[in-house]
Every structure is written in structure tokens, then in C-alpha cells.
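Reckoned from all heavy atoms, side chains included, excluding hydrogens, waters and symmetry mates. Residue numbers start from 1 in every chain, and the chains themselves are labelled A, B, ... in the order their sequence lines are given, proteins ahead of strands.
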There are 2 protein chains.
Amino acid sequence: MNIGAAAKASGVSAKMIRHYESVGLLPPASRTDAGYRLYGEKDIRTLQFIRRSRDLGFSIEEIRGLVSLWQDKTRPSREVKAVARQHLDFLDRKLEELQSMKNALSHLVDCCHGDERPDCPILDNLAGAGNLTRM
Amino acid sequence: MNIGAAAKASGVSAKMIRHYESVGLLPPASRTDAGYRLYGEKDIRTLQFIRRSRDLGFSIEEIRGLVSLWQDKTRPSREVKAVARQHLDFLDRKLEELQSMKNALSHLVDCCHGDERPDCPILDNLAGAGNLTRM
DNA sequence: GTTGACCTTCCCATGGTTGGAAGCTTCAGC
DNA sequence: GCTGAAGCTTCCAACCATGGGAAGGTCAAC
């Protein structure tokens with residue numbers, strides 16, 4: 001299985017497969033005589049693991065830890081849960097941040113009549129929160 | 001007003017003030033004979049405008065547009081509102097993405113007993129969503 | 001005149017991903 | 001056996017916003 005086929009099978013782009021190998025998230029793939037990377041079933045499973053972890057927003061470093069826990073058949077699930085909880089906290093913080101941006105901005109958008117006239121509460125607010133539409 | 005004082009007054013770091021100038025978001029500051037950048041009231045107001053825009057998550061390019069609308073006293077508020085709405089859509093998409101990550105992950109965390117035993121629904125799910133706890 | 005706080009420019013790093021360029025290999029069709 | 005397309009290789013650079021640090025100049029106060 002060449003890198004292109006592995007990319008299709010795993011849902012990870014060839015570019016990213018090479019990148020993950022370069023940062024040591026994947027062990028170096030075996031090669032053909034011509035230098036082409038070769039992948040087997042097990043590699044595909046690892047790549048899918050990585051992709052699903054990325055889909056949940058885990059960072060490369062977190063995934064590094066998850067993969068090693070995954071491969072350690074004697075890991076305590078406590079450790080996995082701790083990594084997941086920590087990431088959950090991160091997601092919560094990000095969500096809160098975005099949500100407050102959204103709240104502030106959608107309030108401003110609601111206040112702006114959005115026609116041909118130049119006066120605009122959005123710009124007023126950005127120019128100096130003190131003047132108008134203080135949230 | 002040197003760059004340090006401008007940074008304090010505006011809440012934008014000196015590093016970022018220089019960066020904004022280098023990418024043309026700010027006009028080049030005037031300089032002392034020694035080459036120190038000088039800032040006045042108007043510059044501070046622009047910097048605060050930029051900072052507040054960043055706080056709402058606008059990108060540099062979007063801010064470039066907002067600043068130019070701000071300075072154009074004849075702009076139609078329609079245009080400002082369009083920029084804001086577009087960013088609001090962006091925030092919504094990001095929020096949805098994070099929220100679905102959070103939902104999936106918190107479900108997995110709930111399923112994991114998190115003790116000394118090695119079996120772990122979180123890893124099982126990452127290893128192959130087909131097996132267990134399909135969302 | 002020295003010390004310490006400030007300023008300057010320049011380069012590098014982050015994180016995850018993507019893009020391109022230049023060159024080699026493989027394979028199918030003829 | 002030749003040709004062309006597609007796929008592979010490595011390397012380098014970009015995105016966005018931010019920060020760190022080095023090497024050196026400047027300004028104030030003591």
C-alpha cells in the first residue's frame with residue numbers, strides 16, 4: 001500500500017502522513033527499493049486513530065500520549081480519562097470565549113440598521129465601548 | 001508617546017503595534033530623531049479600535065476593512081453590517097464544530113470508568129468508531 | 001558616567017495544514 | 001521499447017497572531 005492508498009483508506013492526507021512521520025507521531029514507514037513508503041493494515045488503523053483524535057480536537061502532543069496509551073495494553077483507563085477531561089476543559093474554555101464573542105457581536109448586528117446611512121453602532125462600539133450600546 | 005506608552009494606553013503589545021505597522025494595518029508612525037516611534041491620541045484610538053475588533057475575533061484582513069469603513073465618514077452601515085454578519089457566520093460554524101467535539105468527547109468521558117482497569121471506551125472509540133459507543 | 005529602562009531591527013518559534021517546485025518511479029497504452 | 005500521466009520523493013515556504021530573544025542605540029536620573 002503506497003502513501004496515496006493509505007491516505008484514502010485512513011482519511012489522512014498524504015501530506016499529513018509524511019508530516020506525522022516527521023514529527024515522530026508515526027514510526028518511519030518501511031520503503032520499497034525505490035524509496036516509496038509502504039503501509040499495512042496496522043498502519044491504517046493507527047492513522048484512523050489519529051484522524052479520529054484530530055476530529056475531537058486533540059493536539060498532536062495529546063495524540064502522541066493517546067497513541068501510546070492505546071498501545072499499552074496495561075494502561076489504567078484513569079489515565080486516558082484524565083487526558084480526555086483535560087481536553088474537555090480546553091474545549092469548554094474555547095466555547096465560552098467564542099460564545100461571548102458571538103453574544104457581543106450579534107447584539108451589535110441587531111442594533112445596526114444596515115442601510116445606506118453612515119451611522120453605525122458596530123463601528124461606534126469598536127471605536128470606543130464607552131459611548132454607545134455598552135453591553 | 002513612545003511605543004511602550006502607546007501599548008499601555010491601547011492594550012495592544014508593542015510587538016503587535018510594530019507588526020500591524022509592518023503589514024500596513026497602521027500607517028507608519030512618525031519618528032524621533034533617534035528613530036523612536038511616536039504616537040498621538042488619534043493613533044491610540046485606532047489601536048483601541050483594532051484591539052476591540054480582535055477581541056471580537058475579527059481577522060487582520062477583516063479589521064483592515066473595518067478600519068477603512070470607520071475612517072470613511074460616508075460609508076453605508078449596510079457594508080459594516082455585512083462584514084459583521086459574515087464574521088458572525090464564521091463564529092457560528094466554529095461554535096458548532098467545537099460543540100460537536102464537546103458532545104462526542106463528554107459522552108465518551110462519561111462512559112469511561114476511569115480506574116485502574118485497562119479497558120476504556122474512549123480508546124475503543126478512537127480505535128474504531130464502529131465497535132462501541134457509536135454516537 | 002554609569003545604571004537601568006526603554007527603544008530599534010532582525011530572526012526564530014509556535015500549531016496544523018497546505019501549497020509548490022524539481023526530480024525520480026511506476027504503470028498503462030501504443 | 002517509448003511516451004505520457006500519475007504517483008512518489010524531498011525541501012522550502014506560507015498561513016495567522018503572537019511572543020521570545022539577541023545585539024545594539026537612546027534617554028533619563030542619580
Open item on the list: According to salt bridge (charged side-chain N to carboxylate O under 4.0 Å, His left out), does anything in residues 14-29 of chain B pair up with another residue at least two apart or in another chain? List the pairs.
Closed with: B:Glu21-B:Arg31, B:Glu21-B:Arg37

Task: A:Ile17 CD1 to D:dG7 C1', straight-line distance once rounded to whole Å - done: 14 Å

Task: Selection from C:dT18, D:dT9, C:dC7 that lies nearest to any side-chain heavy atom of A:Ser13 - done: C:dT18

Open item on the list: Within the 4.5 Å heavy-atom criterion, are A:Ile44 and A:Met1 side-chain neighbours or not?
Closed with: yes

TODO: Please check if atom NZ in A:Lys42 has more than 12 non-hydrogen atoms from other residues, nucleotides or ligands closer than 6.0 Å.
DONE: no

- [ ] Search all heavy atoms of B:Trp70 against all heavy atoms of A:Ala127 and return the closest pair with its distance.
- [x] NE1-CB, 3.4 Å

Open item on the list: Just the rounded figure in Å: distance from P of D:dC16 to CD1 of B:Ile63.
Closed with: 12 Å

Task: Shortest non-hydrogen contact from B:Asn2 toward B:Tyr36 - done: ND2-CD2, 3.9 Å

TODO: State, yes or no, whether a side-chain contact exists between B:His113 and A:Ser77 at a heavy-atom distance under 4.5 Å.
DONE: yes

TODO: Within residues 24-40 of chain B, find the residues that approach DNA chain D with a heavy atom at under 4.0 Å, and present them sorted by residue number.
DONE: B:Ala34, B:Tyr36

Open item on the list: Between A:Lys81 and A:Arg78, is there a side-chain heavy-atom distance shorter than 4.5 Å?
Closed with: no

Task: B:Glu96/B:Arg93 ion pair, N-O < 4.0 Å - done: no

Task: Length of the line joining A:Arg18:CZ and D:dC12:P, which is rounded to integer Å - done: 15 Å

Task: Separation of atom CD1 in B:Ile3 from atom C1' in C:dC6, rounded to whole Å - done: 11 Å

Task: Over all atoms of both residues, closest heavy-atom pair of B:Leu123 and A:Phe49 - done: CD2-CZ, 3.9 Å

Task: Separation of D:dG25 P from B:Asn2 CG (nearest whole Å) - done: 18 Å

Enumerate the protein-to-nucleotides 1-4 of chain D contacts in which both atoms are nitrogen or oxygen and the separation is below 3.5 Å.
none

Open item on the list: Less than 4.5 Å apart, side chain to side chain, heavy atoms only: is that true for A:Leu47 and A:Leu26?
Closed with: yes

TODO: Please identify each residue that fulfils side-chain contact (heavy atoms from CB on, under 4.5 Å) with B:Glu62, with sequence neighbours left out.
DONE: B:Phe58, B:Ser59, B:His87

Task: Spacing between A:Lys15 atom NZ and D:dT10 atom P, to the nearest angstrom - done: 11 Å

Open item on the list: Quick check on the helix from C:dG1-D:dC30 to C:dC30-D:dG1: what's the angle between its two end axes, five base pairs per end, to the nearest 10°?
Closed with: 20°

TODO: Taking all heavy atoms of B:Ala29 and all of B:Leu38, pick out the closest pair and write down the distance.
DONE: CB-O, 3.7 Å

Quick test: give all pairs of protein nitrogen or oxygen and nucleotides 13-17 of chain C nitrogen or oxygen below 3.5 Å, distance rounded to 0.1 Å.
unit_1 : atom_1 : unit_2  : atom_2 : d
C:dG16 : OP1    : A:Ile60 : N      : 3.0
C:dG16 : O3'    : A:Arg54 : NH2    : 2.7
C:dT17 : OP1    : A:Arg54 : NE     : 3.0
C:dT17 : OP1    : A:Arg54 : NH2    : 3.2
C:dT17 : OP2    : A:Tyr20 : OH     : 2.8
C:dT17 : OP2    : A:Arg54 : NE     : 3.4

Task: Residues A:Asp55 and A:Arg51 bridged, charged N to O under 4.0 Å - done: yes

